[in-house]
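Data block below; observations after.
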Amino acid sequence: MAGVGVYLKNAAILTATGLGLRAAGMVLRVYMAALLGAEGMGLYQLIFTVYGLTTTVATAGMSVAATRLAAEELARPEPARAAGVMARLTRLALWLGLAACGAQLLLARPVARFALGDARAALSLLVLAPSLPFMALAAVYKGYFFARQRVGPGVKSQVFEQAVRIGLAAAVLPTAGEWGAQYACAALVAGNTVSEALACLLLLRDYSKDARRLFGGVRPAPPSDTGHRIWHILAPVEGGRCLDSALHTAENMLVPACLLAFLGSRAESLAQFGALKGMAMPVLLFPFSFLTPLATLLLPGVTRAHILGRRRTLETLVGRIMLFTNLFSVLAGGLIALNAAPLARLLYRDESVGLYLLVLAPVLPGMYLDAMGDSILKGLGEEVATFRYSIWDSVLRIALVLLLMPHFGMAGFLAVMWASNVTSALLNIFRIHKVTGIRTRWFEWFIQPALLFAAAAALGQTFVRLAAPAGDVWQVACSVAATGGLFCAFLLPLGAGRQLKAVLETRRAPAKEN
């Protein structure tokens with residue numbers, strides 16, 4: 001029971017922190033959009049397209065390797081081995097981070113000019129490069145603390161990092177916003193570099209204190225097979241994530257280029273790209289934070305039931321995940337669609353963002369089920385399948401972008417997103433069925449929630465039109481209260497309350513096979 005208590009405490013900390021950080025990130029996005037505008041947000045997204053790839057090169061697999069190897073060595077009564085493994089991982093992370101940093105410094109200008117098609121991105125890429133070694137080291141320290149079942153240091157560093165980033169953005173953006181998009185983005189990402197460095201140093205301090213207490217003054221003595229073990233974990237993760245990241249980077253480079261071919265205006269193509277990727281997508285993805293507790297509580301049980309061959313338990317757990325994911329995504333997507341225009345005015349004062357919210361909100365169940373299905377498959381040991389699907393999805397998206405966007409512009413890309421998310425979700429659902437043999441309950445999981453929301457929306461929006469005070473704030477608040485409340489009320493007779501209670505009790509008692 002003590003282990004369960006630690007698990008639930010850690011889950012609660014991670015959940016609360018994740019929600020808080022995502023909310024803070026949304027506030028920062030709204031503030032940035034107000035000062036940078038849609039074109040500036042488009043340039044910012046382009047910059048992070050390249051930075052995301054170099055970040056993957058620097059960090060991919062390091063946290064996983066540190067967690068697994070530290071857990072294995074800490075289970076032995078030989079602290080010198082664990083200290084040696086951590087020393088080896090730290091050196092490797094530093095070298096990977098420095099290599100990624102050097103590559104970004106060297107290639108910043110040619111990549112900005114020829115790959116991104118916007119030389120203004122070069123300055124920000126140069127400013128971001130020094131953050132990469134710190135991110136690689138931080139990944140190792142976070143992995144170590146996960147192995148120690150101590151989430152506090154990682155959470156503390158994340159909160160500190162976000163606070164520094166927001167504080168620096170608030171300090172520099174009012175002035176930098178007047179310098180133009182190039183220098184405003186450079187000033188903004190400088191805060192990112194500083195916050196990553198300080199967060200890493202905070203983690204290093206906590207790791208040093210914990211290592212002194214745990215290892216004492218022993219001389220690090222890594223096992224002879226340490227290098228092989230590290231690369232056995234790192235190579236497939238690093239290679240897979242780098243390939244996946246490279247394909248996503250290629251897609252994000254192609255979208256503005258294809259928009260430029262359709263519109264004939266660089267500024268307008270960046271503005272549309274920024275409005276979608278930098279403004280609409282964070283709103284659509286923000287509610288997914290509330291599903292984190294579901295994954296935290298149920299996914300370990302999925303892995304355990306699969307390993308032990310408990311088919312009925314597995315079917316129950318997967319059914320709950322699919323049901324609650326779709327119930328929540330239908331509610332979130334429906335409310336965003338109903339309030340797309342007022343949300344866009346409230347958050348960004350930009351009506352075009354409302355159009356993107358309206359078009360993409362109905363595919364939110366596909367987005368969320370894709371992410372949750374991917375997690376379920378990884379819990380079932382199907383990492384190869386998820387990687388294969390991710391590559392197929394990226395190749396499909398790139399092909400459709402090249403085919404549709406030069407002729408249809410942003411409408412073509414919205415069609416690509418619909419096709420991609422629906423296809424990925426279905427592939428994951430069919431794979432889960434194939435691996436586990438459990439029944440896919442199409443009506444209960446998918447059709448019934450949509451019908452219930454349609455009924456709730458018809459009644460709730462009638463109330464909003466008749467009784468809600470004027471103003472966007474009141475319209476959104478009354479719509480959420482009326483339609484969301486009716487949807488939840490409709491679910492109660494169907495047993496949603498009992499299912500939720502069973503989820504919360506999952507970690508308090510072992511699952512039994514019937």
Side-chain angles (χ1 to χ4, degrees), residues 33 36-53 107 109-122 124-125 181-182 185 243-282 284-285 340 344 348 350-363 366-367 370 389-427:
L36 293 179
E39 183 185 356
M41 290 298 291
L43 180 61
Y44 182 82
Q45 289 299 126
L46 273 183
I47 291 162
F48 272 80
T49 289
V50 176
Y51 182 59
L53 177 57
L107 299 174
R109 287 187 173 85
V111 165
R113 183 174 180 181
F114 299 110
L116 299 181
D118 199 319
R120 294 176 298 173
S124 294
L125 291 174
Q182 177 182 4
C185 285
L243 177 59
D244 191 38
S245 181
L247 289 171
H248 279 93
T249 300
E251 177 194 325
N252 285 327
M253 288 178 178
L254 284 171
V255 170
C258 291
L259 278 175
L260 176 59
F262 177 77
L263 297 169
S265 167
R266 180 68 183 176
E268 181 61 22
S269 64
L270 271 183
Q272 290 192 14
F273 182 67
L276 175 62
K277 289 283 189 171
M279 298 159 77
M281 288 305 297
L284 292 166
L285 295 177
Y348 302 116
D350 189 334
E351 292 278 353
S352 67
V353 178
L355 175 62
Y356 299 144
L357 292 176
L358 179 62
V359 172
L360 291 177
V363 81
M367 293 183 189
D370 177 26
Y389 294 159
S390 178
I391 298 302
W392 288 352
D393 178 59
S394 293
V395 172
L396 171 67
R397 288 171 69 104
I398 289 173
L400 290 177
V401 164
L402 291 171
L403 180 66
L404 298 178
M405 289 194 67
H407 305 289
F408 302 102
M410 186 54 78
F413 188 58
L414 294 175
V416 171
M417 295 186 71
W418 261 82
S420 168
N421 283 287
V422 172
T423 301
S424 295
L426 289 175
L427 284 173

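- Looking only at side-chain heavy atoms (C-beta outward), W392 and T423 stay at 4.5 Å or farther from each other.
- When each of T49, L402, I398 is checked for a side-chain contact (heavy atoms from CB on, under 4.5 Å) with E251, only I398 meets the rule.
- Going from atom OG of S390 over to atom CG of L427 covers 11.5 Å, rounded to the nearest 0.5 Å.
- Distance check, rounded to the nearest 0.5 Å: CG of D118 to CG of L260 gives 10.5 Å.
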*Yes or no on side chain to side chain contact (heavy atoms under 4.5 Å, CB included) for M253 and V50, after CA distance, side-chain angles and deciding distance?*
CA-CA 9 Å; M253 288 178 178; V50 176; 3.8 Å; yes
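- For the atom pair CE (M417) and OH (Y356), the distance works out to 11.0 Å, reported to the nearest 0.5 Å.
- Scanning all heavy atoms of the two residues, the minimum distance from L357 to A280 falls at CD2-O, 3.6 Å.
- For the pair L36 and L43, the minimum side-chain heavy-atom distance is 4.5 Å or more.
- Contact detail for G354 and A340: the closest heavy-atom pair is O-CB, 3.4 Å.
- Between K277 and V255, every side-chain heavy-atom pair lies at or beyond the 4.5 Å cut-off.
- No more than 12 heavy atoms of other residues, nucleotides or ligands lie within 6.0 Å of CZ in R109, so this atom counts as exposed by the packing criterion.
- Residues L259 and G409 share a closest heavy-atom pair of CD2-C, 3.8 Å.
- With hydrogens and angles disregarded, a donor-acceptor distance shorter than 3.5 Å links the side chain of S269 to the backbone of R266.
- The nearest pair of heavy atoms linking P406 to F262 is O-CD1, 3.6 Å.
- The CE atom of M41 sits 11.0 Å away from atom CG of D350, with the distance rounded to the nearest 0.5 Å.
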*asked:* With side chain to side chain contact (heavy atoms under 4.5 Å, CB included) as the criterion, how do F413 and V401 come out once you've worked through the C-alpha distance, each side chain's angles and the decisive distance to 0.1 Å?
replied: CA-CA 6 Å; F413 188 58; V401 164; 3.9 Å; yes
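- A donor-acceptor contact shorter than 3.5 Å is absent between the side chain of S420 and the backbone of V416.
- Side-chain contact check for L254 versus M405: every heavy-atom pair is 4.5 Å or farther apart.
- In plain terms, the two heavy atoms of L53 and A246 that are nearest each other are CD1-N, 3.7 Å.
- For the pair L125/I47, a side-chain contact is recorded, criterion being any heavy-atom separation below 4.5 Å from C-beta on.
- Smallest separation of non-hydrogen atoms from A275 and S352: CB-OG, 4.2 Å.
- F273 contributes atom CZ, which lies 5.0 Å from atom CG of L46 (distance to the nearest 0.5 angstrom).
- Residue L360 holds its CG atom at 6.5 Å from CE of M281, rounded to the nearest 0.5 Å.
- Using modelled atom types, no side-chain atom of Y44 and backbone atom of G278 make a donor-acceptor pair closer than 3.5 Å.
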